[in-house]
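Scope of the values below: all heavy atoms of this structure, side chains included, with no hydrogens, waters or symmetry mates.
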Amino acid sequence: MVHHTIATNTTSASSASSKISPMKLTLLRLVATALIVGTLVACSTPPAPSPSYPGGMPAPRPTGPYAVPGDTGPLPPPLAQPKSRWTPVRWAELPGFADDALHEAWNAWIKSCERPVAPFTALCSEVRQLSIATGEEQRAWMVARLQPYRVEATDGNPDGLLTAYYEPLMDAARQSGNGFNVPIYRTPAGFGARKPWYTRQQIETLPEAQAALQGRAIAWLRDPVESMVLHIQGSGRLRITEADGSTTMLRVAYAGTNDQPYGSIGRWLLDQGYTRDATWPGIRAWLAANPQRTNELMWTNPRYVFFKEEPLVGMDAGFGPKGAQGVPLTPGRSIAVDRQSIPYGTPVWLASSGPQVQLSRLVLAQDTGSAILGAVRADYFTGWGPEAGDIAGRLKQNLRLWVLWPK
């Protein structure tokens with residue numbers, strides 16, 4: 001999943017020594033349990049219930065330090081990444097480590113194990129077994145097997161920026177008409193022969209571009225702003241009215257772009273002095289007052305996204321679209337990162353406090369985005385539906401990150 005952000009104005013081995021002996025007993029018991037119920041039990045663990053905002057912004061929790069007896073041994077050396085520096089720390093530094101509902105994150109971790117990356121591949125069998133463990137057993141395992149590192153910029157700055165993204169939920173129709181006149185296209189015929197492909201304006205006006213897209217519409221939307229939201233987020237859920245009048249839920253997932261540069265319509269409005277509110281409500285308000293300028297505004301973003309249709313049934317409905325790691329995103333537990341700072345599949349401790357949310361929790365680095373650049377930078381997947389969209393559109397606040405790396 002590739003998405004953009006709209007511009008707005010607005011320890012060492014000895015450190016866990018006191019845990020090692022009981023951990024061995026715990027893991028043996030878990031292995032025995034897993035053998036009884038079958039090794040696939042973890043893979044079939046259902047996600048948490050999913051309301052319209054499945055991530056469910058948590059209420060503020062106590063964030064006192066997590067005392068780890070014996071966490072006094074020498075720390076390993078720092079680690080360097082292309083865009084960040086990782087400084088080893090004690091577990092006590094992680095805000096809220098004792099309070100997070102880790103089982104919610106375990107679904108995301110198991111998803112990452114579907115496409116494991118080194119050095120986490122060797123841990124995946126234990127991660128799956130621990131899906132039936134208690135929170136304290138999961139915490140003890142993490143302390144025994146992982147070392148936290150504070151993510152910093154190369155100059156040592158640990159502070160960064162948290163934003164959020166979501167999966168829009170929209171009404172659509174299989175056929176154009178009755179107010180549904182904005183197409184969602186599959187990749188065009190002969191796609192790849194011309195790079196870059198036509199701009200957004202050319203796609204909507206040139207006969208040769210229209211000919212290449214003939215019969216390629218997956219569905220039709222009512223609103224060009226909804227279409228732009230879909231193009232920016234890179235995926236969406238559609239409530240489709242079929243030709244026979246029945247209703248189907250499906251996902252349209254990112255399939256490619258025209259390889260044109262991305263332009264922010266919100267930034268254009270700000271730069272022209274047309275508005276001081278470049279949020280989606282502000283953009284809609286400007287368009288309501290200037291409907292004749294809809295095309296002019298939309299065409300300031302030359303990039304055009306093509307989609308593919310995916311079924312949305314069973315367990316698929318409880319997860320988001322696939323991220324850049326190639327696994328489905330988990331609401332409230334998946335983040336997009338700059339992969340030159342944090343590799344895909346890495347468990348990360350995220351802490352952010354601001355007017356929108358209070359977060360201290362385990363998340364998984366499973367996606368990226370064109371605007372997600374820098375050492376301490378993350379985009380938080382909030383889920384789908386209006387509430388998720390409202391939070392994603394407003395979230396912009398401080399961030400600190402700790403990667404949890406195998407010892």
Side-chain angles (χ1 to χ4, degrees), residues 11-45 68 71 73-82 84 86 88-89 91 94 97 100 102-149 151 322-328 330 333-335 337 339-349 362-367 401-407:
T11 59
S12 65
S14 60
S15 70
S17 60
S18 65
K19 298 284 185 180
I20 290 175
S21 179
M23 270 306 300
K24 286 181 178 178
L25 293 174
T26 297
L27 289 175
L28 284 172
R29 175 162 56 83
L30 290 171
V31 170
T33 304
L35 289 173
I36 292 170
V37 300
T39 57
L40 296 179
V41 64
C43 298
S44 63
T45 303
V68 181
D71 189 13
L75 292 171
L79 298 177
Q81 299 295 319
S84 64
W86 297 358
V89 300
W91 284 95
L94 277 57
F97 181 59
D100 188 27
L102 293 178
H103 67 276
E104 296 176 3
W106 233 256
N107 286 308
W109 206 335
I110 289 170
K111 286 296 181 184
S112 273
C113 283
E114 293 176 4
R115 298 286 297 272
V117 292
F120 293 99
T121 305
L123 296 182
C124 278
S125 62
E126 297 175 28
V127 169
R128 292 189 179 99
Q129 292 161 11
L130 284 160
S131 68
I132 57 175
T134 67
E136 284 309 307
E137 288 168 335
Q138 291 169 341
R139 239 177 295 275
W141 176 84
M142 291 171 65
V143 170
R145 300 291 266 146
L146 304 172
Q147 167 63 47
Y149 293 81
V151 182
K322 288 183 179 179
Q325 187 190 352
V327 301
T330 302
R333 296 293 177 167
S334 296
I335 59 171
V337 296
R339 64 182 305 183
Q340 291 192 299
S341 174
I342 301 175
Y344 294 152
T346 302
V348 177
W349 198 263
L362 177 64
V363 295
L364 275 293
Q366 296 175 323
D367 203 4
L401 299 173
W402 294 260
V403 296
L404 309 180
W405 204 247
K407 292 180 178 180

Participant: Considering all heavy atoms of both residues, which atom of E114 and which atom of P328 are nearest to each other, and what is their separation?
Facilitator: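 For E114 versus P328, the nearest heavy atoms are OE1-CD, 4.2 Å.
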Participant: Is the gap between the ring centers of W405 and W349 under 6.0 Å?
Facilitator: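 Not under 6.0 Å, so no.
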Participant: Hey, could you give me the CG/NZ distance between L364 and K111, rounded to the nearest 0.5 Å?
Facilitator: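 Separation between the atoms: 12.0 Å.
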Participant: Would you say that P148 contacts P88 through its side chain, given a criterion of any heavy-atom pair below 4.5 Å between the two side chains?
Facilitator: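 A side-chain contact under 4.5 Å is absent here.
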Participant: Where does the angle between the aromatic ring planes of W86 and Y149 fall among parallel (under 30°), tilted (30 to 60°) and perpendicular (over 60°)?
Facilitator: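 Correct class here is tilted.
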Participant: For K407 and L146, which heavy atoms make the closest approach, and how far apart are they?
Facilitator: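 For K407 and L146, the tightest heavy-atom pair comes out as CE-O, 3.1 Å.
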Participant: Roughly how far apart are Q138 CD and L362 CG, rounded to 0.5 Å?
Facilitator: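 Here the rounded value is 9.5 Å.
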Participant: If you take all heavy atoms of A122 and S125, which pair is closest and at what distance?
Facilitator: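 Scanning both residues completely, I find the closest heavy atoms to be O-OG, 4.2 Å.
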Participant: For the residue pair K322 and V327, establish whether any side-chain heavy-atom pair is separated by less than 4.5 Å.
Facilitator: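 No; the side chains remain at least 4.5 Å from each other.
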Participant: Would a 4.5 Å heavy-atom cut-off, applied to side chains only, mark W402 and V151 as touching?
Facilitator: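 Counting from C-beta outward, W402 and V151 never come under 4.5 Å.
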Participant: Check whether R145 reaches the backbone of A140 with its side chain - one donor and one acceptor, N or O, closer than 3.5 Å.
Facilitator: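 The answer is no, because no donor-acceptor pair under 3.5 Å joins these two groups.
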Participant: With rounding to the nearest 0.5 Å, note down the distance linking CG in L401 to CG in L94.
Facilitator: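 Result: 10.5 Å between the selected atoms.
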Participant: Once you round to the nearest 0.5 Å, how far does CG of L404 lie from CG of L123?
Facilitator: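 CG of L123 is found 11.5 Å from CG of L404.
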Participant: Could you tell me which non-hydrogen atom of I110 sits nearest to which non-hydrogen atom of S131, and how far apart they are?
Facilitator: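 Nearest pair, atom of I110 first, then S131: CD1-CB, 3.6 Å.
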Participant: Can you tell me how far CD of E126 sits from CD of Q129, rounded to the nearest 0.5 angstrom?
Facilitator: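 Between Q129 CD and E126 CD, I get 6.5 Å after rounding to 0.5 Å.
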Participant: Any side-chain to backbone donor/acceptor pair from T346 onto P343? Under 3.5 Å, distance only.
Facilitator: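 Flag set: sc T346 to bb P343 pair under 3.5 Å.
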Participant: Decide yes or no for I132 and W106: does some side-chain heavy atom of the first lie under 4.5 Å from some side-chain heavy atom of the second?
Facilitator: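 No - every pair of side-chain heavy atoms lies 4.5 Å or more apart.
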Participant: Test your reading of the model: is there a side-chain donor-acceptor pair from E137 to the backbone of T134, 3.5 Å cut-off?
Facilitator: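 Yes, the answer is positive, given that a donor and an acceptor are paired below the 3.5 Å cut-off.
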Participant: Using the rule given for side-chain contact (heavy atoms from CB on, under 4.5 Å), can you reason through Y344 versus R115, listing the C-alpha separation, both sets of side-chain angles and the distance that settles it, and then say yes or no?
Facilitator: CA-CA 10 Å; Y344 294 152; R115 298 286 297 272; over 6 Å; no
Participant: Identify the two heavy atoms, one from A324 and one from D367, that lie closest to each other, and give their separation to 0.1 Å.
Facilitator: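 Where A324 meets D367 most closely, the heavy atoms are N-OD1, 2.9 Å.
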Participant: Can you check salt bridge (charged side-chain N to carboxylate O under 4.0 Å, His left out) on R333 and D100, steps first, answer last?
Facilitator: CA-CA 11 Å; R333 296 293 177 167; D100 188 27; 2.9 Å; yes
Participant: Would you say S112's side chain and G345's backbone share a donor-acceptor pair under 3.5 angstrom?
Facilitator: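 Answer holds: no.
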Participant: Are S334 and Q366 linked by a side-chain donor-acceptor pair shorter than 3.5 Å?
Facilitator: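 Per modelled atom types, S334 and Q366 side chains form a pair under 3.5 Å.
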Participant: Evaluate the side-chain proximity of F120 to V127: yes if any heavy-atom separation is below 4.5 Å, no if none is.
Facilitator: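 No. Closest side-chain heavy atoms not under 4.5 Å.
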